[in-house]
Amino acid sequence: MPGGVPGFTRSMTAVPTMSPHGRGCALGAPVGGGRPGRRGATRPAIRAPRPRRRTSFLWREGWCDVTMVRNAAFPGAHMDYRISVLFRAIPLLMGAVSAALGGYVLSHAPGPTARVAGLVLVFLAAICLCLFATAATIIRQLIGRYTASDHWLYPSLGFAVSGFTMGYGLWLIATGPRPPPDFVAGHVIFGVSMICTCVSCVATSSTRFTLITENSALPEGAPARSPAPFGPSTVRALLVLPALAALATWVWAFVLLAGGGGGAADGRFTAGHVMIGLALVCTCLIGLVASILRQVQNTYTPRERTLWPGSAAFLGGIGIVWGLIVIAAHTRSAQLSAGFVVIGLGLICWSILSKVLLLALVWRRTAPLANRVPLIPVGTALLCLFLAGFLFESADSAVIVAARVLIGLGAICFSLFSIVSILESGTGDSADREGEAEGSGTADCP
């Protein structure tokens, strides 16, 4: 039947009309009689299909893409709710794994090295908790459930975790004469708090995350948003805070390596090198905060498209090379342990690279390989776990410390996989729709 829809009764004819949302078809009013209801009422034989994302409905007159109907009916809903729950649960589960392993090591493993590994593992879970705050901030915007309380709740959670972690690390360092394990653990925990601070800045800058997709649809050279989503003082604070955290970690690390800061020589060596790795991670997070802020403000430049990803890749390479040099140049077990941990922190830098790279790839252009970027943190997580497996075969207790810490670093890498998958879902949607519109063969209905 010309003009009919396959699979429906022949007593009806669907009249396609122009969609108010753009090109394509909308379901028109039925022509002819309907089929009788239970009480003799007439009801249409054709019902409008429920709008689904990236689906097309076949008419005899041509393909009528109803993607725009779904997007207009559910603005901002760019992620399935069940998937959103999974992505929010991943950082919490990884944090629970790290904290549980740390508690188990503290309770059951003998020796002073077990105390270092246990405390560090417990507080690596703080980074996962801050990553959860970032994930929840973005996801609740993507599923259309973001509220005014969420705007303050999740960033405040991240900064509260950062403050508690910093306070505990400083307490371990400053309170009375401390044994060498507490000296090392205190410095590492303080460096972890600096990373938590940077991640909390990422969560705060993501409170206007959905504007990135809107700005990406604008032509190159479009003016900055007015009024600005963030005030000048907020922008400066969000950029200065991670920069100060990175600077403090760098300075403290070199002070320890120069022989200052007290403690035994081995403790200063281990704490200093690990804090260098933590400083590299903080420096990478500066690029992530800047990328999100500038895309939200619509001030992202073509130069930044290569600057921030290149910086993250370079810093990750420095961490890995630094760790390899420490391993090659020193033979004592405490020094070997520090080298392996620095390698793991370099892998975290490459996990952060995946987010900065994704934001650069999908900004105002179609990136067919953008959905492959989440494989980077999966690979770094596996490398951390494989390296830990090799180190567990060592009989040296100091090397076992590195193996245990690498498990926590692998949990952080997998938590970062959750974040980059969320970014891919939120920022890649417009590019995907653009690619579909160009290559799907969809035609306007007459």
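Keep in mind that the numbers below use all heavy atoms, side chains included, and drop hydrogens, waters and symmetry copies.
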Taking all atoms of both residues into account, what is the closest heavy-atom pair of His151 and Tyr146, and its distance? CA-OH, 3.0 Å
Are Asn215 and Trp363 close enough that some pair of their side-chain heavy atoms sits under 4.5 Å apart? yes
Answer yes or no: is there a side-chain heavy-atom contact under 4.5 Å between Cys284 and Val281? no
State the CD1-CZ distance between Ile90 and Phe414, to the nearest 0.5 angstrom. 5.0 Å
When you measure from the side chain of Ser205 to the backbone of Ile292, do you find a donor-acceptor pair of N or O atoms at a distance under 3.5 Å? no
So, Ser162 side chain and Cys196 main chain: donor-acceptor pair closer than 3.5 Å or not? yes
About how many Å separate OG of Ser200 and CZ of Phe159, when rounded to the nearest 0.5 Å? 5.0 Å
Note, Leu406 side chain near Leu385 side chain (heavy atom, < 4.5 Å): no
Can you find a heavy atom in the side chain of Leu353 that is under 4.5 Å from one in the side chain of Trp350? yes
Determine whether a donor-acceptor pair (N or O, by modelled atom type, separation under 3.5 Å) exists between the side chain of Ser415 and the backbone of Ala411. yes
Verify, without hydrogens or angle tests, whether Thr165 (side chain) and Ser193 (backbone) share a donor-acceptor contact under 3.5 angstrom. no
Calculate, to the nearest 0.5 Å, the distance between atoms CG and CG belonging to Leu369 and Leu361 respectively. 8.5 Å
Could you state the interatomic distance from CD1 (Ile139) to CZ (Arg145), rounded to the nearest 0.5 Å? 12.0 Å
Looking at Thr207 and Thr204, would you say the former's side chain and the latter's main chain have a donor-acceptor pair under 3.5 Å? yes
Is it the case that the side chains of Ser351 and Thr380 hold a donor-acceptor pair, with the cut-off being a distance below 3.5 Å and no angle test? yes
Any donor-acceptor pair under 3.5 Å from Ser337 side chain to Ala398 backbone: yes
Here the pair of heavy atoms bringing Tyr154 nearest to Ala133 is O-CB, 3.3 Å
What is the ring orientation for Trp322 with His273, classed by angle as parallel under 30°, tilted 30 to 60°, or perpendicular over 60°? perpendicular
If the test is side-chain hydrogen bond (donor to acceptor under 3.5 Å, both in side chains), which one of Glu304, Arg305, Arg303 qualifies with Thr301? Glu304
Verdict with supporting geometry, Ile138 and Thr210, side chain to side chain contact (heavy atoms under 4.5 Å, CB included): CA-CA 8 Å; Ile138 300 174; Thr210 51; over 6 Å; no
Calculate, to the nearest 0.5 Å, the distance between atoms CD1 and CD1 belonging to Ile173 and Ile189 respectively. 8.5 Å
As a quick check of understanding, evaluate side chain to side chain contact (heavy atoms under 4.5 Å, CB included) for Phe132 and Val161, giving each step before the final call. CA-CA 12 Å; Phe132 161 76; Val161 171; over 6 Å; no
Would you say the side-chain atoms of Ser98 pair up with the backbone N or O of Gly95, donor to acceptor, closer than 3.5 Å? no
Which atom of Leu285 lies closest to which atom of Cys198, heavy atoms considered: CD1-CB, 3.5 Å
Between Thr147 and Asp150, is a side chain to side chain contact (heavy atoms under 4.5 Å, CB included) present by the stated rule, with each step listed? CA-CA 5 Å; Thr147 64; Asp150 295 333; 3.1 Å; yes
With a 6.0 Å cut-off (strictly less than), is the heavy-atom count around CZ of Phe386, excluding the residue itself, greater than 12? no
Can you name the nearest heavy-atom pair linking Ala370 to Val362, along with the distance? CB-CG1, 3.8 Å
Which heavy atom of Thr270 sits nearest to which heavy atom of Val184, and what is that distance? CG2-CG1, 4.0 Å
Would you check if there is a donor-acceptor pair between the side chains of Trp250 and Thr283 at a distance under 3.5 Å? yes
Nearest-0.5 Å distance, CZ of residue Phe340 to CG of residue Leu409: 13.5 Å
Is the cationic atom of Arg140 (NZ for Lys, CZ for Arg) positioned less than 6.0 Å from the six-membered ring centroid of Phe209 and within 45 degrees of its normal? no
Take the angle between the ring planes of Phe123 and Tyr168 and call it parallel below 30°, perpendicular above 60°, tilted in between. parallel
With side chains defined as the heavy atoms from C-beta onward, is the minimum distance between Arg268 and Leu257 less than 4.5 Å? no
Side-chain donor or acceptor of Arg88 paired with backbone N/O of Ala135 under 3.5 Å: no
So do the side chains of Met275 and Phe190 get within less than 4.5 Å of each other, counting heavy atoms only? yes
Would you say Lys355's side chain and Leu416's backbone share a donor-acceptor pair under 3.5 angstrom? yes
Hey, does Leu124 have a side-chain heavy atom less than 4.5 Å from the side chain of Val192? yes
Given 3.5 Å as the limit, does a donor-acceptor pair link the side chain of Gln141 with the main chain of Ser206, or not? yes
Under the side chain to side chain contact (heavy atoms under 4.5 Å, CB included) criterion, do Ile407 and Leu101 qualify, and how do the steps go? CA-CA 9 Å; Ile407 292 178; Leu101 178 59; 3.7 Å; yes
Side chain to side chain, Val342 and Ile276, heavy atoms closer than 4.5 Å: no
Residue of the set Leu382, Val420, Ile419 for which side-chain contact (heavy atoms from CB on, under 4.5 Å) holds with Pro377: Val420
Here the pair of heavy atoms bringing Ile286 nearest to Ala246 is CD1-CB, 4.1 Å
